[in-house]
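A quick note: this is a predicted structure, and the numbers were derived from the prediction, not measured.
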Amino acid sequence: MRDGILYSIGELARRTGLTVKTIRFYSDRGIVTPADRTAAGYRRYGPDAVTRLAFVRTLRELGLGLDMIRRVMDRELTLGQVAAEHAATLDLQIGVLRLRRAVLTAAARREPTFEEMELMHELAGLSPSEKQKVVDDFLDAVFEGPRPGPALAAAQRSMTPELPDLPTEEQAAAWVELAELSLDADFRASLRRMTRSSTTDASDGVTAPPRPDAVAITRDVVRPAVTSGINPESPQADPVVATLVARCAATHGHPVPAEPRRRLLQRLEAANDPRRDRYLHLLALINGWPPPEPLAPAVDWAVTALRARAA
């Protein structure tokens, strides 16, 4: 192409693939300016207009607005600054889209009522600060107050979901379900009973620092029996039950008490909520932790064994 050649707007359209209307619009906005005009007032554009319009087309296809493009062309902003700002905006939009897709996927799987669908939509659309408030309200209700002691604060942190800025679709879906679960008043009350059980001595009601959870001890002691398929009501289960009761009693600072089975049974019945396993599973997904071992099989086994012996 030789220097000094000027193009009509129609020729420029053919060279760039843009419509005459679009080029005229860009020209009116000052993004590309004519180098000259004919005596009749028709616009004529220099060779640099082809390059500028190709660049504008690329930026438009990347989603940039015309005002920002004009500032880049006028060197008010560097291309790097614009790219970083636009990428950050896209990150937020991607997060929103993933949450919306999570709602639709869950709805397709669950056949929710209108009320449930509305709640799921509201949860997915919460701002970061609103999401945090849902979590804080839930944990405050479970741990009974915004300022627990150091040990309880550690337990509270271990149950806190932290949704990434760019969640995967699986994390987004897990967040919506976990948020729904955390709003369930019955589930909150169930977890609060578990928390009380782990921080209060059953004999005198005195609040103490949390000791190893009876559920965790049950999981460790009972796991081999569950894996081996031992019937919890059979004589084969007797030594497992005896070990479990003795270890829980010793861990809680007492010799084996007069009614160890009844006390342990009360603790495990309070903790025997399958929604706890579901919460911990969703929590691990959101936080990127390894999947936790389900607690329900061991707790169910122990409760059945203790009830049989209590009877």
Pro128: what forms a side chain to side chain contact (heavy atoms under 4.5 Å, CB included) with it, not counting sequence neighbours?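 Applying side chain to side chain contact (heavy atoms under 4.5 Å, CB included) to Pro128 gives none.
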Asn272: side chain to side chain contact (heavy atoms under 4.5 Å, CB included) partners, not counting sequence neighbours: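 With sequence neighbours excluded, Asn272 shows a side chain to side chain contact (heavy atoms under 4.5 Å, CB included) to Val299, Asp300, Val303, given in chain and number order.
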Less than 4.0 Å between a side-chain N and a carboxylate O, is that true for [Y] and [X]?
X      : Y      : answer
Arg43  : Asp28  : yes
Arg29  : Asp67  : yes
Asp137 : Lys133 : yes
Arg275 : Asp184 : yes
Arg247 : Asp220 : no

Would a hydrophobic clustering, with Ile, Leu, Val, Met, Phe, Trp and Tyr connected at side-chain separations under 4.5 Å, put Leu66 with Leu79? yes
Taking side chain to side chain donor-acceptor pair (under 3.5 Å) as the definition, give me every residue that meets it alongside [X], ordered by chain and number, with sequence neighbours left out.
X      : result
Thr22  : Thr19
Ser158 : none
Ser127 : Ser129, Glu130
Asn231 : none

Pairing residues for Asp91 by the salt bridge (charged side-chain N to carboxylate O under 4.0 Å, His left out) criterion, not counting sequence neighbours: none
Partner residues of Glu85 under the salt bridge (charged side-chain N to carboxylate O under 4.0 Å, His left out) criterion, sequence neighbours left out: none
Taking only distance into account, with no hydrogens and no angle test, what donor-acceptor pairs under 3.5 Å do side-chain atoms of residues 236-243 form with protein atoms, sequence neighbours excluded?
from	atom 1	to	atom 2	distance (Å)
Asp238	OD1	Arg309	NE	2.9
Asp238	OD1	Arg309	NH2	2.7
Thr243	OG1	Pro239	O	2.9

Proximity of Phe138 and Phe143 rings by center, below 6.0 Å: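 That pair fails the under 6.0 Å test.
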List, one per line, each side-chain donor-acceptor pair under 3.5 Å for residues 97-107, sequence neighbours excluded.
from	atom 1	to	atom 2	distance (Å)
Arg98	NE	Pro167	O	3.3
Arg98	NH1	Pro167	O	2.6
Arg101	NH1	Glu169	OE1	2.8
Thr105	OG1	Arg101	O	2.8

Show me the pairs that pass salt bridge (Lys or Arg N to Asp or Glu O under 4.0 Å) and involve residues 171-183, at least two apart or across chains. Arg110-Glu180, Glu177-Arg278
Not counting sequence neighbours, list each pair that qualifies as a salt bridge (Lys or Arg N to Asp or Glu O under 4.0 Å) and has a residue in residues 45-59.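 Residue pairs passing salt bridge (Lys or Arg N to Asp or Glu O under 4.0 Å), neighbours aside: Arg57-Glu61.
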Under 3.5 Å donor-acceptor, Ser228 side chain and Pro224 backbone: yes
